[in-house]
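Side chains included, hydrogens not; waters and symmetry mates left out as well; all remaining heavy atoms used.
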2 protein chains.
Amino acid sequence: MSKITTRDKLLDITFKEVYIYGYAGSSISNILKIAGIPKGSMYHHFPSKKAMVIAMIKERLTPKVREAFYIQIDDDSRAVDILSFLFKKISKNEMLIKHGCPLHKLMFEMGSLDDEITKLCHQEFIFLIENLAKLIDIGKQKGDIREEDSKSLAKFIIISSWGALSLAPNHSSKEQFLQDTKHILEYIKA
Amino acid sequence: MSKITTRDKLLDITFKEVYIYGYAGSSISNILKIAGIPKGSMYHHFPSKKAMVIAMIKERLTPKVREAFYIQIDDDSRAVDILSFLFKKISKNEMLIKHGCPLHKLMFEMGSLDDEITKLCHQEFIFLIENLAKLIDIGKQKGDIREEDSKSLAKFIIISSWGALSLAPNHSSKEQFLQDTKHILEYIKA
DNA sequence: TTATAATTAGACCGACCAGTCTACTATAAA
DNA sequence: TTTATAGTAGACTGGTCGGTCTAATTATAA
């Protein structure tokens, strides 16, 4: 029953367009053309392109990335298994494999160009790290891991995963990603 | 004596502009304004924006990146020392710390947008991997490393370094980079 | 000097950019 | 039925985009 609102449609398409073409490379006109929505409607809901992108980050990008980098675990999971499971989940996410992590991509592009967007992205980055650190802490109780600082380790894991996902799409694949992140697992095991 | 030619000036400024603003975010008009060069001169040397950027990649970006990711080593260097030295060198490169690896950034942006540029970037990526693998092979002879596949390891090291360098500039620093890559060194030592 | 090519110079073009404006319509409360 | 509000609609604006064009200038060689 619930119909898709103009706002929802705009945010959905803005996510895709900014994800693929970047902030600078995406255009309002094209987003509107795809959505079949006139300009006035968009500028009724958002005061500017930047405002729409910020709403998109909060309401689309952030939830997607949280979901992609999160896994449910049993209480008796070992840290190695948790990470192995996480990598397998990420590798199955075609979006991530093909275009990299949307948070990473936007953060990289906007780094020195816009403080507000950069700050927003960085907050989410911190959230991902802390979330993963919690998972590692749970796994650590099973004693199969020697690393003390879970946050530092979590950061390294996300950074490395992002790196592995950010290669040119022609040359990245599920198998390649798993191969590239294998080193992280071996490091944890050590 | 040798004066800077119009072409050289254009390539220098194009590198900076594309590095900071991205391919889509940079503009010919702005590059010309900064260079103090009229349009006709530029379009005499290059048929298009894309052609100028491709020349810039070959003649500016590639040499800079090769230099940044290369180190001279002694014949009796251990692999761990080689990498430790490399990370220290990278951490001293303010350009890399502030804006990430220009090759990585361009490759990430253009990934699914332009085959020619993507291919060019990827070739250089392969070159970096093979170069680093050679260094690792030399260090491996000293027997302080257990990894068999030097290329896979080299790829992982570059990917992870790129990831660590691609965080928002406000939150990246020499110290942070060394902290983030510390895990790689510990992995090698293991 | 003269002919030829290389380069510099910038006005100009149509397309597209983000954003504004006014008019219209749908909804719902009074 | 009236009035207010939320949302839809798209023509329009000033500015910038990449790229073209012709003319002027400079360098090279005969």
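At a threshold of 4.0 Å, the pair B:Glu116-B:Lys50 counts as salt-bridged, since one of the basic side-chain nitrogens sits closer than that to a carboxylate oxygen. Electrostatic pairing of A:Lys182 and B:Asp149 does not count as a salt bridge here, judged by no charged N lying under 4.0 Å from a carboxylate O. Ion pair A:Glu124/A:Lys58 not flagged as a salt bridge, since none of the NZ, NE, NH1 or NH2 atoms sits closer than 4.0 Å to an Asp/Glu carboxylate oxygen. No salt bridge links B:Lys155 with B:Glu130; every basic N to acidic carboxylate O contact stays at or beyond 4.0 Å.
B:Lys174 and B:Gln179 form no side-chain donor-acceptor contact under 3.5 Å, judged by distance and modelled atom types alone. In this model, a donor atom of one side chain and an acceptor atom of the other lie less than 3.5 Å apart for B:Ser152 and A:His183. In this structure, a donor-acceptor pair under 3.5 Å is absent between the side chains of A:Asp115 and A:Thr118.
Remark: the backbone N or O of A:Gly163 is paired with a side-chain donor or acceptor of A:Ser166 at under 3.5 angstrom.
Atom CD1 in A:Ile37 sits roughly 19 Å away from atom P in D:dA6 (whole-Å rounding). Atom CZ of A:Arg7 is separated from atom C1' of D:dT8 by 17 Å (rounded to the nearest Å). One can place CG of B:Leu32 at 12 Å from P of C:dT8, the figure rounded to the nearest angstrom. The interatomic distance linking B:Asn30 (CG) with C:dC17 (P) rounds to 19 Å, in whole Å.
Counting atom types as modelled, A:Lys39 pairs a side-chain N or O with a base atom of C:dA18 as donor and acceptor under 3.5 Å.
Checking the phosphate oxygens (OP1, OP2) of C:dC17, a side-chain nitrogen or oxygen of A:Ser29 falls inside 4.0 Å. Using a 4.0 Å cut-off, some side-chain N or O of B:Thr6 falls inside it from OP1 or OP2 of C:dT8.
Looking at residues 9-28 of chain B, you'll see B:Ser26, B:Ser27, B:Ile28 sit with a heavy atom under 4.0 Å from some atom of DNA chain D. Taking a 4.0 Å limit (strictly below) on heavy-atom distances, residues 40-50 of chain A reaches DNA chain D at A:Gly40, A:Ser41, A:His44, A:His45. Near DNA chain C, meaning a heavy atom under 4.0 Å from it, residues 108-120 of chain A has no residue at all.
Judged by the 6.0 Å and 45° rule, B:Lys49 forms a cation-pi pair with B:Tyr23. Judged by the 6.0 Å distance and 45° axis criteria, A:Lys151 is not positioned over the aromatic ring of A:Phe156.
Taking the centre of each ring, B:His104 and B:Phe125 stay at or above the 6.0 Å mark.
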